[in-house]
Amino acid sequence: MSETVEPVRRVVQRGLWFEELEVGVLYEHRPGRTITEADNVGFTTQTMNTQALHLDAAFADALPPFNQRLVNSMLTLSILVGLSVTQLTQGTIVGNLGFSEITFPKPMYHGDTLYAETLVTAKRKSESRPGEGIATFVHTGRNQHGDVVATAVRKTLMRMRPDGE
């Protein structure tokens, strides 16, 4: 026989308020995301990127040094940032202000798993938007072997904690 239990409090999953972000903290986002052939072909065709390295197995297989299709780097970047959302910005971001210093030092292949981590490198209150602040994140993506496959610096406009939260 089960006992009825009333909740003592309610927890809603969200990202961090601007005040909760700490410069120098590294967030490891888990689980990772294994990228499939379907993910790559779907993203590549939806974004009208007809690069044969992503779509044409015969072409890519014959082209050194990779000799196989590569995951579209824009898909890698999208997943890298997406992996950070629930832990950092879910419901607390106002918007992305920009990306810079994007690199792809090693390729991703079908079946590789992408793991993400984010370092908070700077933050300041917005001068023009009360109740909001600007945070700078450095995102790093690693494959299942620990190799860095993508990096990006992202500036975001974040909400400050509302009164009563």
Side-chain angles (χ1 to χ4, degrees), residues 13-18 20-124 126 132-159:
Q13 184 173 331
R14 64 162 170 81
L16 300 176
W17 300 117
F18 176 78
E20 294 175 300
L21 295 171
E22 294 179 53
V23 172
V25 172
L26 180 72
Y27 296 90
E28 294 181 355
H29 312 297
R30 300 297 184 266
R33 173 68 157 76
T34 301
I35 301 174
T36 67
E37 179 180 8
D39 295 328
N40 190 44
V41 171
F43 182 89
T44 297
T45 56
Q46 287 171 2
T47 58
M48 300 298 290
N49 180 342
T50 58
Q51 175 51 254
L53 280 171
H54 306 310
L55 295 173
D56 184 333
F59 173 84
D61 290 351
L63 191 64
F66 307 115
N67 298 101
Q68 61 180 303
R69 284 175 291 168
L70 305 180
V71 170
N72 185 321
S73 57
M74 294 296 97
L75 175 58
T76 302
L77 178 63
S78 295
I79 293 173
L80 172 59
V81 172
L83 287 168
S84 74
V85 168
T86 55
Q87 195 170 17
L88 294 179
T89 62
Q90 181 68 46
T92 57
I93 190 173
V94 177
N96 289 316
L97 299 176
F99 289 83
S100 63
E101 301 174 52
I102 298 168
T103 67
F104 303 100
K106 290 197 173 196
M108 292 282 289
Y109 303 104
H110 300 157
D112 280 352
T113 300
L114 180 63
Y115 294 96
E117 58 193 43
T118 301
L119 179 65
V120 180
T121 59
K123 66 181 245 187
R124 69 172 177 81
S126 172
E132 297 172 358
I134 297 169
T136 303
F137 301 128
V138 175
H139 299 289
T140 301
R142 298 177 188 276
N143 65 16
Q144 67 274 16
H145 307 294
D147 301 324
V148 175
V149 296
T151 63
V153 175
R154 175 170 70 135
K155 289 194 180 216
T156 61
L157 188 61
M158 301 289 296
R159 295 173 53 210

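The figures that follow rest on heavy atoms only: side chains count, while hydrogens, waters and symmetry mates do not.
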Response to the item:
For A150 and T76 the tightest heavy-atom approach is CB-CG2, 3.9 Å
Worksheet entry | Point-to-point distance, once rounded to the nearest 0.5 Å, from CD1 of I102 to NE2 of H139 | 10.0 Å
Item to complete: Could you tell me whether the side chain of R69 reaches within less than 4.5 Å of the side chain of L55, counting heavy atoms only?
Response: no
Fill in: Inter-residue atom distance T89.OG1 - W17.CH2, 0.5 Å rounding
12.0 Å
Worksheet item: With distance as the sole test, does H110 use its side chain to make a donor-acceptor pair with the main-chain N or O of T36 at under 3.5 Å?
Response: no
Worksheet item: Between L16, T92, L88, which is the residue that forms a side chain to side chain contact (heavy atoms under 4.5 Å, CB included) with M158?
Response: T92
Worksheet item: Does the K123 side chain pair with the main chain of L21, one donor and one acceptor, at a distance under 3.5 Å?
Response: yes
Practice prompt. Report yes if some heavy atom in the side chain of L83 is under 4.5 Å from a heavy atom in the side chain of Y115; otherwise report no.
Written response: no
Worksheet item: Shortest non-hydrogen contact from A52 to A60?
Response: O-CB, 4.5 Å
Item to complete: Using atom types as modelled and distance alone, determine if a side-chain donor or acceptor of R30 lies under 3.5 Å from a backbone N or O of A116.
Response: yes
Discussion item. Minimum heavy-atom separation for G141 and L114, please, with both atom names.
Written reply: CA-CD1, 3.8 Å
Worksheet entry | Heavy-atom pair of closest approach, residues F66 and P107 | CE2-CG, 3.6 Å
Discussion item. Do T121 and T136 pair up side chain to side chain, a donor and an acceptor below 3.5 Å, judged on atom types alone?
Written reply: no
Worksheet item: Judged by atom type as modelled, is there a donor-acceptor pair below 3.5 Å linking the side chain of N67 to the main-chain atoms of D61?
Response: yes
Worksheet entry | H29 and Y27 aromatic ring geometry - parallel, tilted or perpendicular at 30°/60° bounds | parallel
Worksheet item: Where is the tightest heavy-atom contact between N72 and N40, given as atom of each residue plus distance?
Response: N-OD1, 2.7 Å
Worksheet item: Any side-chain heavy-atom pair from L75 and H54 closer than 4.5 angstrom?
Response: no
Discussion item. Could you measure the distance from the CZ atom of F43 to the CD1 atom of I35? Nearest 0.5 Å is fine.
Written reply: 10.0 Å
Worksheet entry | Single hit among Q144, R33, K106 for side chain to side chain donor-acceptor pair (under 3.5 Å) with D112 | Q144
Worksheet item: side-chain contact (heavy atoms from CB on, under 4.5 Å) between Q90 and Q13: does it pass, once the steps are laid out?
Response: CA-CA 8 Å; Q90 181 68 46; Q13 184 173 331; 5.5 Å; no
Practice prompt. First locate atom CD of Q68, then atom CG of L53, and finally report the distance between them rounded to the nearest 0.5 Å.
Written response: 11.0 Å
Fill in: Close side-chain approach of V153 and F137, heavy atoms under 4.5 Å
no
Fill in: Sidechain-backbone polar pair: E132 side chain, L157 backbone, donor-acceptor under 3.5 Å
no
Worksheet entry | Minimal non-hydrogen separation, V149 against M108, with atom names | CG2-SD, 3.6 Å
Worksheet item: Once you round to the nearest 0.5 Å, how far does OG1 of T113 lie from CG of N143?
Response: 8.5 Å
Fill in: T44 and Q51, any side-chain heavy atoms less than 4.5 Å apart
no
